Amino acid sequence: MTVRVRFAPSPTGYLHIGSARTALFNYLYARHVGGKFLLRVEDTDLARSTEESIRSILDGLAWLELGHDEEIVFQSDNADKHRATAKKLLAEGKAYRDFTPKAAQSDANVKDAIKDRARANQGEKNMRDNPYRSLSAEEGDARAAAGEPFAIRLKVAETGKSSFEDGVYGLQERDYAETEDLVLLRSDGHPLYNLAVVCDDIEMQISHVIRGQDHLTNTHKQVLIYEALGIIPPTFAHLPLIMAPNKGKLSKRKHGEVVSMTTYRDAGFLAAAFRNFLALLGWSAGEEKEIYTLAELVEKFSLDGIHRSNAIFNFTENDPRRWTDDKAQWMNAEYIRTMPLDELLPFVRPELKAAKLYRDEYEDDDKAWFENTINLIRQRFFTLKDFSNQGRAYFSEDYDFDPAAIEKNLAKFPDLRSWLPELAERFEVMDSFTEPEIEEVVKAFTEEKGTKLGIIMNGARTLLTGVAVGPSMLSVFETLGKDRSILRLRSQIAWNV
RNA sequence: GUCCGGUUCGUCUAGGGGUUAGGACACCGCCCUUUCACGGCGGCAACACGGGUUCAAAUCCCGUACCGGAUACCA
């Protein structure tokens, strides 16, 4: 049997980090076993679903390079089939019409209202006491024909339990007494989530359902529907949840942009790095290696390596350095400085182009210079954004000076104001401008002035790059070249800031 | 409330009867160095608690605590 898995987001927001990981795991599983990875948009909640959200989710998946097979299925397109299925179960006596008027929305928070209701019912509640459960078919038909509104509920057996073998959590059992006769079709004719999911999974011939652990109880309900339909359920595997630093729910409302996939794309993360980070949140290959290419993840992935405990996505609100998980930031930096240069370049070019720092010559005449420079400066960069921010001085004459750098490297040494232009004079007469010669000249100059090499180098760094950190200054001089180095050493701009 | 899960350094995790409980991130220190967010070396730091089983428990069993999820004519 072919393995077919699906990622089924409901389009009520952007691609959440937890959903992204669910998509990733589905993708990895499918690719690992040579199966299909399908996409289904669960847009049955017409009120909350938006076109924009669908686009944002697809953007997120595309960024992560989780390409899906076959056409995207829109759940709302299948509503008629869902209704037909509910009617079928009704006709077979496996479901019944519930004429109880729809309860008015409580003014309390939905979750709290549910909790309160459950607590109030506690001990007393018999899940099978719906008065309409045993209504005769004739009377039901008559009342329906008379136009009385009704919901269709699944008739859950009095005794017994639902069970399934979870790919991650093992055998799961739930007594029928814990499960209400669930509503399949609302009184306004709209199919409910559990029915829609089961119908679509059957229709799409899904073999493995891999989703968040928050669906564990839904799965029992869905198993019941499969049984009523006489269809063998797929294999289920539930994933541990990704929590906020306080172990609470990670949500847009509370935590903002950190949970959105597009945030990382826009912040200059490499999809490969973020994917790698995500893969290790709740899964491990059981080895100490932690940098994996997509192909390696596909090769190593298995349900056995998925944990049963939730993971915390660690970040500190209001701390610019810790705005997102440290490890994700480290991993991105690691990718930027160690991945093959030709794989990095395709990401650097658009970044520079967007900042108007790219020139066509970087493709031909200055290709070697460009690649060497990127290779030189990437060693201390964390995101793609750094190429256009901190790296700006390498590609443009119009760059800013970091006040902290001026303070630390220039202001403290007023002599540099005349020394650096003077150093430019020494450069002026040089025939060859490469590291060894530059070093010789700068050292001689330093000795002559009776100062320390660091003072000269750091002053020059500030003037030439605008920042206090970067590669070896000898490399910087050489990369920038004789003319630009001289020009910048003579410039008084930084001194007047 | 009830049901279902979970619990190894601050975080991500390895290990699943005998380990100095390993790695990574973060943090701290030292080294390299003209700076540094690179690199090298080192340090700090964990088996939730209580009972059992066993020669031996972080590992198996039970209980407790705590955390999470679920409870809907939402998805």
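What you are looking at is a predicted structure, and each value in this text was computed from that prediction instead of being measured. Throughout, a chain's letter reflects where its sequence line sits, starting with A, and its residues are numbered from 1.
The pair Lys449(A)-Glu422(A) meets the salt-bridge criterion, with a side-chain N (NZ, NE, NH1 or NH2) lying under 4.0 Å from an Asp/Glu carboxylate O. For Arg128(A) and Asp181(A), the salt-bridge test passes: some basic side-chain N is under 4.0 Å from an acidic carboxylate O. Note on Glu439(A) versus Lys443(A): salt bridge recorded, some NZ/NE/NH1/NH2 to OD/OE distance being below 4.0 Å. The existence of a salt bridge linking Arg40(A) and Glu203(A) is excluded, since no basic side-chain nitrogen approaches an acidic carboxylate oxygen closer than 4.0 Å.
A distance of about 48 Å separates the P atoms of rC31(B) and rG69(B), rounded to the whole Å. Rounded to whole Å, the separation between the P atoms of rA65(B) and rG39(B) comes to 47 Å. Taking the P atom of each, rA14(B) and rC60(B) are spaced 14 Å apart, rounded to whole Å. Comparing the same atom, P, in rC44(B) and in rG10(B) gives a spacing of 14 Å after rounding to whole Å. Across the P atoms, rC12(B) and rU20(B) are found 27 Å apart, a figure rounded to whole Å. One P atom belongs to rC25(B), the other to rC73(B), and the distance between them is 50 Å to the nearest Å. Nucleotides rG1(B) and rU11(B) place their C1' atoms 34 Å apart, quoted to the nearest Å. With both ends at atom C1', the span from rC62(B) to rU19(B) equals 27 Å, rounded to whole Å.
Looking at the side chain of Asn314(A), the nearest of the listed nucleotides rG68(B), rC12(B), rU11(B) is rU11(B). If you check rG39(B), rA75(B), rA72(B) against the side chain of Glu334(A), the one that comes closest is rG39(B). In the set rG69(B), rA24(B), rU71(B), rA24(B) carries the atom at the smallest distance from any side-chain atom of Trp330(A). Of all nucleotides listed (rA37(B), rA75(B), rC73(B)), rA75(B) comes nearest to the side chain of Ser10(A). Of the candidates rU71(B), rU34(B), rG69(B), rU34(B) carries the atom nearest the Met457(A) side chain, counting heavy atoms from C-beta on. Side-chain atoms of Tyr193(A) lie closest to rA75(B) of the nucleotides rA72(B), rA37(B), rA75(B). Of the candidates rU34(B), rA37(B), rA24(B), rU34(B) carries the atom nearest the Asn458(A) side chain, counting heavy atoms from C-beta on. Listed nucleotides: rG69(B), rA37(B), rA75(B). Nearest to the side chain of Val469(A): rA37(B).
Residue-level contact check: Gly212(A) touches neither bases nor backbone, having no heavy atom under 4.0 Å from any strand. At a threshold of 4.0 angstrom between heavy atoms, the contacts of Gln172(A) are confined to the sugar-phosphate backbone, with no base atom among them. Residue contacts for Lys408(A): at a heavy-atom cut-off of 4.0 Å it reaches the sugar-phosphate backbone alone, with no base atom in range. Contact annotation for Pro240(A): no contact, since no heavy-atom pair falls under 4.0 Å across all strands. In this structure, Ala311(A) reaches the sugar-phosphate backbone alone: every heavy-atom distance under 4.0 Å involves primed, P, OP1 or OP2 atoms, never a base. Backbone-only contact: Lys247(A) has heavy atoms under 4.0 Å from sugar-phosphate atoms and none from a base. Using a 4.0 Å heavy-atom criterion, one finds that Met243(A) contacts the sugar-phosphate atoms exclusively. Looking at heavy-atom distances under 4.0 Å, Arg321(A) makes contact with sugar-phosphate atoms alone, never a base. Residue-level contact check: Tyr169(A) touches the backbone only, with heavy atoms under 4.0 Å from sugar-phosphate atoms and none from bases. Contact annotation for Ile114(A): base contact, defined as any heavy-atom pair under 4.0 Å involving a base atom. Nucleic acid contact class of Thr100(A) (heavy atoms, under 4.0 Å, all strands): base. At a threshold of 4.0 angstrom between heavy atoms, the contacts of His307(A) are confined to the sugar-phosphate backbone, with no base atom among them. Backbone-only engagement by Arg337(A) is indicated by non-hydrogen atom pairs under 4.0 Å involving sugar-phosphate atoms exclusively.
The nearest whole Å value for the distance from the CD1 atom in Ile312(A) to the P atom in rA26(B) is 18 Å. Distance Leu216(A) CG to rG5(B) P: 8 Å, rounded to the nearest Å. Distance, Asp181(A) CG to rU71(B) P: 16 Å, rounded to whole Å. Here the C1' atom of nucleotide rA70(B) and the CZ atom of Arg174(A) are 7 Å apart, to the nearest Å. Whole-Å rounding puts the Gln390(A) CD to rA37(B) P distance at 12 Å. When the P atom of rA72(B) is taken as reference, atom NE2 of His215(A) falls 15 Å away, rounded to whole Å. Protein atom CD of Gln379(A) is 11 Å distant from nucleotide atom P of rC38(B), rounded to whole Å. When the C1' atom of rC4(B) is taken as reference, atom CD of Glu178(A) falls 9 Å away, rounded to whole Å.
Within the 4.0 Å cut-off from OP1 or OP2 of rC73(B), not a single side-chain nitrogen or oxygen of Ser187(A) is found. In terms of phosphate contacts, Arg322(A) brings no side-chain nitrogen or oxygen within less than 4.0 Å of OP1 or OP2 of rA26(B). Dashed line: the shortest gap from a side-chain N or O of Arg40(A) to OP1 or OP2 of rA75(B) is not under 4.0 Å.
Between the side chain of Thr217(A) and the base of rC4(B), no donor-acceptor pair of N or O atoms lies under 3.5 Å. Under 3.5 Å, the side chain of Ser472(A) and the base of rU33(B) form no donor-acceptor pair of N or O atoms. Judged by atom type and distance alone, Asn218(A) reaches the base of rA75(B) through a side-chain donor-acceptor pair under 3.5 Å.
Judged by distance alone, the side chain of Glu437(A) and the main-chain N or O of Thr434(A) form a donor-acceptor pair under 3.5 Å.
In this structure, a donor-acceptor pair under 3.5 Å is absent between the side chains of Asn218(A) and Tyr193(A). Thr179(A) and His220(A) are not linked by any side-chain donor-acceptor pair at a separation below 3.5 angstrom, with hydrogens and angles left out of the test.
Figure legend. rU59(B) is base-paired to no nucleotide; pairs are counted as Watson-Crick or G-U wobble with both atom distances under 3.5 Å. With a cut-off of 3.5 Å on both pairing distances, the Watson-Crick or G-U wobble partner of rC27(B) is rG43(B). Searching all strands for a Watson-Crick or G-U wobble partner of rG17(B) with both distances below 3.5 Å returns nothing. Using N1 to N3 plus N6-O4 or O6-N4 for Watson-Crick, or N1-O2 and O6-N3 for G-U wobble, each under 3.5 Å, rU33(B) pairs with nothing. Under the Watson-Crick and G-U wobble criteria, each requiring two contacts below 3.5 Å, nucleotide rG5(B) is paired to rC67(B).
Taking the six-membered ring for Trp and the full ring otherwise, Phe25(A) and Phe301(A) have centroids separated by under 6.0 Å. In this structure, the ring of Tyr96(A) has its center no less than 6.0 angstrom from the ring center of Tyr132(A).
Nearest-nucleotide assignment on RNA chain B puts the 5′-proximal partner with Arg308(A), out of Arg308(A) and Phe313(A). Position along RNA chain B of the nearest nucleotide to Glu173(A) versus Leu280(A) favours Glu173(A) as the more 5'-ward residue.
The heavy-atom pair separating Glu407(A) from Ala411(A) by the smallest distance is O-CB, 3.8 Å.
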